[in-house]
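All heavy atoms count here, side chains included; hydrogens, waters and symmetry mates do not. We name chains A, B, ... by the order of the sequence lines, and we start the count at 1 in each one.
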Amino acid sequence: MSLMTPGNFSSVTTKEPAASVPKAVPKPFPGIRNAVKITPAEVQLFSKYIYGLCGINIEASKAYLLETRLGKLLESERCDSFTTFYYKAKGDTTKLLEKQIIDAITTNETLFFRDATPFDLLRHKIVPEMIDHRATTVPNGSPVPLRIWSAACSTGQEIYSIAMVLRELLGPNHNYSIKLLGTDISDAAIKQASYGAYNKFEIERGLPQEKLHRYFSPLGEMWKISDEIRAMATFRKFNLMESFSSLGKFDIIFCRNVAIYFLLEDRIKVFNKIADSLEMDGFLIIGSTESLTGVCPRFIPKRHLKSIFYQLK
Amino acid sequence: MQSLKILVVDDDPVTRSLLTKRLAKDDYQVETAASGVDAVRMISHSFYDVILTDLMMPGGVDGIGVLETAKENNLKTEVILITAHGTIDNAIVAMKKGANDYLQKPINMDELILRLAKIQNLKHLMKNASDLRIAMEATEQASSETIQNLEMTVADLQQRMTAIRSTLERGDLPADERIALALKN
Ligand SMILES: C[S@@+](CC[C@H](N)C(=O)[O-])C[C@H]1O[C@@H](n2cnc3c(N)ncnc32)[C@H](O)[C@@H]1O
């Protein structure tokens with residue numbers, strides 16, 4: 001933990017205006033931490049910066065979000081104001097600060113088998129239907145491809161839930177060429193997903209005991225996913241604001257609970273790119289409280305039992 | 001705050017009674033088992049917040065056995081192992097298997113009470129978090145039903161509108177017939 005000593009920052013080089021920059025109020029007692037407050041101008045500055053980094057839209061009314069989530073970084077970087085921090089981050093050619101800002105600002109909230117119904121849908125309808133469909137188009141004897149993408153996979157629970165369903169549905173020896181891809185913009189999230197270990201809180205959420213014992217083994221305070229399930233998935237850092245052309249096409253796309261952080265215009269762009277990346281007979285699954293009405297008319301919603309999925313028109 | 005339910009497992013009657021008395025004094029609900037075998041039976045019948053178990057016990061089920069049964073039964077159970085002096089290595093093995101903590105004999109009661117207070121506090125926080133989560137999930141489920149119904153309704157309406165429009169735009173029928181046909185849709 002750093003103790004901030006005001007007056008130590010004259011060496012920070014900023015060509016930009018310093019005159020209008022509000023100086024942090026000197027601490028009444030040296031060594032006593034006093035959270036740096038963000039000014040309305042700085043809220044604007046950071047909202048724009050963060051929007052540029054990851055498309056996440058932070059409204060002025062959510063200024064506290066910037067304060068609470070970036071406060072620690074400010075402190076460890078020994079910055080006495082958000083403006084100083086801003087220029088330090090922008091000037092950092094290693095981009096490390098930028099990554100840390102993204103890690104801090106993204107909401108990685110997720111759980112195993114979130115909402116349950118999409119995974120039942122996958123097991124009972126989507127995968128069997130897809131396989132039947134594909135079997136007729138693939139030359140005899142060659143493996144049927146099945147490419148699934150979790151477009152904001154956070155710490156991996158979504159893609160591993162999918163992997164467990166597939167493992168149970170198809171068994172250990174099958175003749176499918178399965179590719180599971182998890183992407184997220186947060187390095188920290190991808191790192192955890194890729195390592196595949198979860199703490200007690202994380203495994204208590206959504207994961208039935210029977211699956212925990214079957215697919216995980218204890219590792220100190222954590223639980224680690226089995227090599228078999230881990231090997232089914234690959235992870236990679238990816239920003240949904242970019243072009244999707246490097247990713248190729250998918251049969252099934254999960255894009256859940258991420259577009260809610262974007263502006264409507266960006267949601268429209270993202271779902272259009274998803275439409276381009278989906279096979280003609282592919283399936284799209286979005287978050288249970290999300291809607292594509294007014295976002296992407298290329299998709300039509302379809303209902304199966306208690307869940308909704310989307311297909312191209 | 002609900003007080004913790006604790007199971008004390010030790011083959012030594014003196015340790016058992018010392019622990020029971022001290023814990024009861026702090027209002028913890030205490031039960032005891034005189035062997036690992038007894039403990040395993042009790043764990044499968046009832047939930048304990050904390051299990052305080054001796055590591056070395058005769059009779060086929062030792063502290064590690066108790067730990068494993070406890071964790072298999074319910075991950076919310078915290079297990080604290082009591083080890084004889086000089087058996088740290090065993091304790092470390094146990095920690096790797098999911099024990100939450102270990103204490104060395106002779107047990108420092110103040111230390112034990114402090115650790116239990118910490119566990120109590122943590123459980124309380126977890127309960128808060130889980131209440132919040134349950135409330136959030138309920139809200140989320142209700143709103144998701146509404147949203148999904150709307151989504152289907154809107155899609156259906158859009159489809160009908162498109163059909164009506166194309167009927168109205170048909171060039172092969174007179175206006176009144178087109179309108180009649182569109183209305184029938
Ligand atoms: C709430 S989580 C959703 C996780 C999972 N899909 C689920 O529904 O449980 C949202 C994730 O979106 C990621 N994210 C935010 N903006 C992104 C962007 N521009 N590109 C890729 N991922 C992004 C965040 O890092 C975060 O992990």
query: Around atom CG of D227(A), are there more than 12 heavy atoms of other residues, nucleotides or ligands at under 6.0 Å?
result: no

query: Side chain, backbone, both or neither: which part of E210(A) has a heavy atom under 4.5 Å from chain B?
result: neither

query: Which of the residues E72(B), Q148(B), K71(B), K96(B) is involved in the greatest number of heavy-atom pairs with chain A at under 4.5 angstrom?
result: Q148(B)

message: For Q141(B), I'd like to know if atom CD has over 12 heavy atoms of other residues, nucleotides or ligands within 6.0 Å.
response: no

- prompt: Tell me, side chain or backbone of K302(A) under 4.5 Å from chain B's heavy atoms, or both, or neither?
  reply: backbone

message: Measuring from atom CZ of F299(A) to atom CD of E151(B), what distance do you get when rounded to the nearest 0.5 angstrom?
response: 12.0 Å

task: Taking the side chain as every heavy atom from C-beta outward, state whether E290(A) and I147(B) have any atom pair closer than 4.5 Å.
output: no

- prompt: Rounded to the nearest 0.5 Å, what separation is found between the CG atom of N74(B) and the CD atom of Q209(A)?
  reply: 6.5 Å

query: Any chance the side chains of T289(A) and E140(B) put a donor and an acceptor closer than 3.5 Å?
result: no

message: More than 12 heavy atoms of other residues, nucleotides or ligands under 6.0 Å from NZ of K191(A): yes or no?
response: no

task: Measure the shortest side-chain to side-chain distance between T293(A) and L150(B) over non-hydrogen atoms and say whether it is less than 4.5 angstrom.
output: no

query: Closest heavy-atom contact between P301(A) and A155(B)?
result: CG-CB, 3.5 Å

query: Which region of A99(B), side chain (C-beta onward) or backbone (N, CA, C, O), has a non-hydrogen atom less than 4.5 Å from a non-hydrogen atom of chain A, or is it both or neither?
result: backbone

Most chain B-contacting option - heavy-atom pairs closer than 4.5 Å, from D115(A), L292(A), I300(A): L292(A)

task: Using a heavy-atom cutoff of under 4.5 Å, enumerate the residues of residues 6-20 of chain B that contact chain A, numbered in order, or state 'none'.
output: none

message: Please check if the number of heavy atoms outside H304(A) that lie under 6.0 Å from its NE2 is greater than 12.
response: yes

query: Are side-chain heavy atoms of E137(B) and R114(A) found at a separation under 4.5 Å?
result: no

- prompt: Is any side-chain heavy atom of N149(B) less than 4.5 Å from a side-chain heavy atom of R303(A)?
  reply: yes

- line: Assert top hit (heavy-atom pairs under 4.5 Å, partner chain A, pool K97(B), Q159(B), R133(B)) equals R133(B)

- request: Just give me the residue among E221(A), M222(A), E204(A) that pairs up with chain B most often, heavy atom to heavy atom, under 4.5 Å.
  value: E204(A)

query: Around M161(B), counting heavy atoms of other residues, nucleotides and ligands shown, do more than 12 lie under 6.0 Å from its CE?
result: no

query: Is the number of heavy atoms from other residues, nucleotides or ligands under 6.0 Å of M56(B) CE greater than 12?
result: no

